[in-house]
Protein chains: 2
Amino acid sequence: MTEKRRRDKPATKAALLESARLRFARDGYDATSVRDVARDAGVDPTLIFRYFGSKKQLFDEATTTPAEEADLLDGPPEEMVARMVSSVVFHDWSRYGGEHPLVAMLRSSALPDVRERIRDEVCHEYVDAFEKLVDGPDAALRAELLSAWLVGMGILRSVVRTPAMSDAQATDLAPYVEAVATSLLGRPMTGVATTD
Amino acid sequence: MTEKRRRDKPATKAALLESARLRFARDGYDATSVRDVARDAGVDPTLIFRYFGSKKQLFDEATTTPAEEADLLDGPPEEMVARMVSSVVFHDWSRYGGEHPLVAMLRSSALPDVRERIRDEVCHEYVDAFEKLVDGPDAALRAELLSAWLVGMGILRSVVRTPAMSDAQATDLAPYVEAVATSLLGRPMTGVATTD
DNA sequence: TCACTAAGTCATCGAATGGTGACTTCGCAC
DNA sequence: GTGCGAAGTCACCATTCGATGACTTAGTGA
């Protein structure tokens, strides 16, 4: 990250985005200065304004999830919750400071549009998917209650670093994922995902 | 809050703490300036340093939960989870910007000692209490999984403002609280609390 | 080789930040 | 009333913040 780059705008932008992603995730928007980001990237701070316009626009660009991850909707429906748990809790998010981007973004949730982006992502990525699986009444509420569990697990594992959640493996959680998902969705779910 | 106070140190300190509590909860540590807090309290900014020493010490003093709330451990054990849900999700936290202090403090979780304080509070206030109720193996993990659900519910309701959770009443949640708590703790629990 | 353009640097701005010490004024005991 | 100590005010400091515009340098195509 610090090795000298020959003059190369795309590579410099990429380096800035990478540093920004990490800093903003780990320290939040306000605690991160453009000078910090530039120093991490080994780049002159003014390039941030040259390339992104402002600190806020750098933040926006750095924290929009790149939809890089394989779509979690693929695969057997009865494994969906297990797949989501695997993504939120067990995926390697070291590029985001060790937390799921959604969880990291909570640290910048004083910015009103960040709240909105979190809401959109939670709803579209998790609630909507769960809602279709609910068998019974209160589909929206039950889907949100399950989403809340995922968010909470991510937070307890990576932010709060509660002992049992920090040490847990996917197989440890499987039976409880199965039980709670089955209970909340009202249809049989399994706690293990075939793909990671 | 803005009405003139005759010279009264305790009242001035109290006003500063009240403003600080709200600002720090709503905007986080870094986005809150001592001048903001002082202005809200109708007080000269330098009094903050006079009375609290530094911004950080003001934060610490303002955000230590005053153990004011009735002890959640009182009451029938089978209602404990329902009581906790009622506290985290439905209690009026307007003094903290509308969020449970634990949830609000996540916004300042870039500060390492804040993380520790969150962990301590989650463990002592929720995990420990739940752990004693678990009937079966994995007591610690299952207690944390239930705590994670509470934290997630608080976040989805007050920070993310997901539609169903925002509109939900305690009675809407009761059957699901009962089912999930019973499932995770391995013993029959009830979803309604006799006291608020 | 040389000039032109894009990439990167430099000096600097004004505002805001946390923090300090000397000063003034209020309120109460006598 | 009058001191005197506490409560509150004022001027100010060093630093850092986001941001700007003029400048220099490197790479490339002709």
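Residue numbers start from 1 in every chain, and the chains themselves are labelled A, B, ... in the order their sequence lines are given, proteins ahead of strands.
- For B:Thr46, the listed nucleotide lying nearest its side chain is C:dG21; candidates were C:dA22, C:dG21, C:dC10.
- The residue A:Ser54 sits close only to the backbone: its heavy atoms come under 4.0 Å of sugar-phosphate atoms, none of a base.
- One interatomic measurement links the two molecules: CG of A:Asp30 to P of C:dT17, which rounds to 11 Å at whole-angstrom precision.
- By the 30° and 60° cut-offs, the orientation of the rings of B:Tyr126 relative to B:Phe130 is tilted.
- Backbone-only engagement by B:Tyr51 is indicated by non-hydrogen atom pairs under 4.0 Å involving sugar-phosphate atoms exclusively.
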TODO: Starting at the 5' end of nucleotides 24-30 of chain C, put B wherever the base has a protein heavy atom under 4.0 Å, S where only the sugar-phosphate does, and a dash everywhere else.
DONE: -BSS---
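- Residue B:Ser33 places no side-chain N or O under 4.0 Å from the OP1 or OP2 atom of C:dA16.
- Of all the heavy atoms in A:Leu156 and B:Glu144, the pair that sits closest is CD2-O, 3.4 Å.
- The shortest non-hydrogen separation linking B:Leu22 to B:Gly97 is CD1-N, 3.4 Å.
- With a cutoff of under 4.0 Å to any heavy atom of chain A, the contacted region of DNA chain D is bounded 5' to 3' by D:dC17 to D:dG27.
- Rounded to whole Å, the distance from CZ on A:Arg39 to P on C:dT9 is 15 Å.
- Looking at heavy-atom distances under 4.0 Å, B:Thr12 makes contact with sugar-phosphate atoms alone, never a base.
- Defining each end axis of the helix from C:dT1-D:dA30 to C:dC30-D:dG1 as the rotation carrying four pairs' C1' atoms onto the next four, with five pairs an end, the two axes are found to diverge by 0° to 10 degrees.
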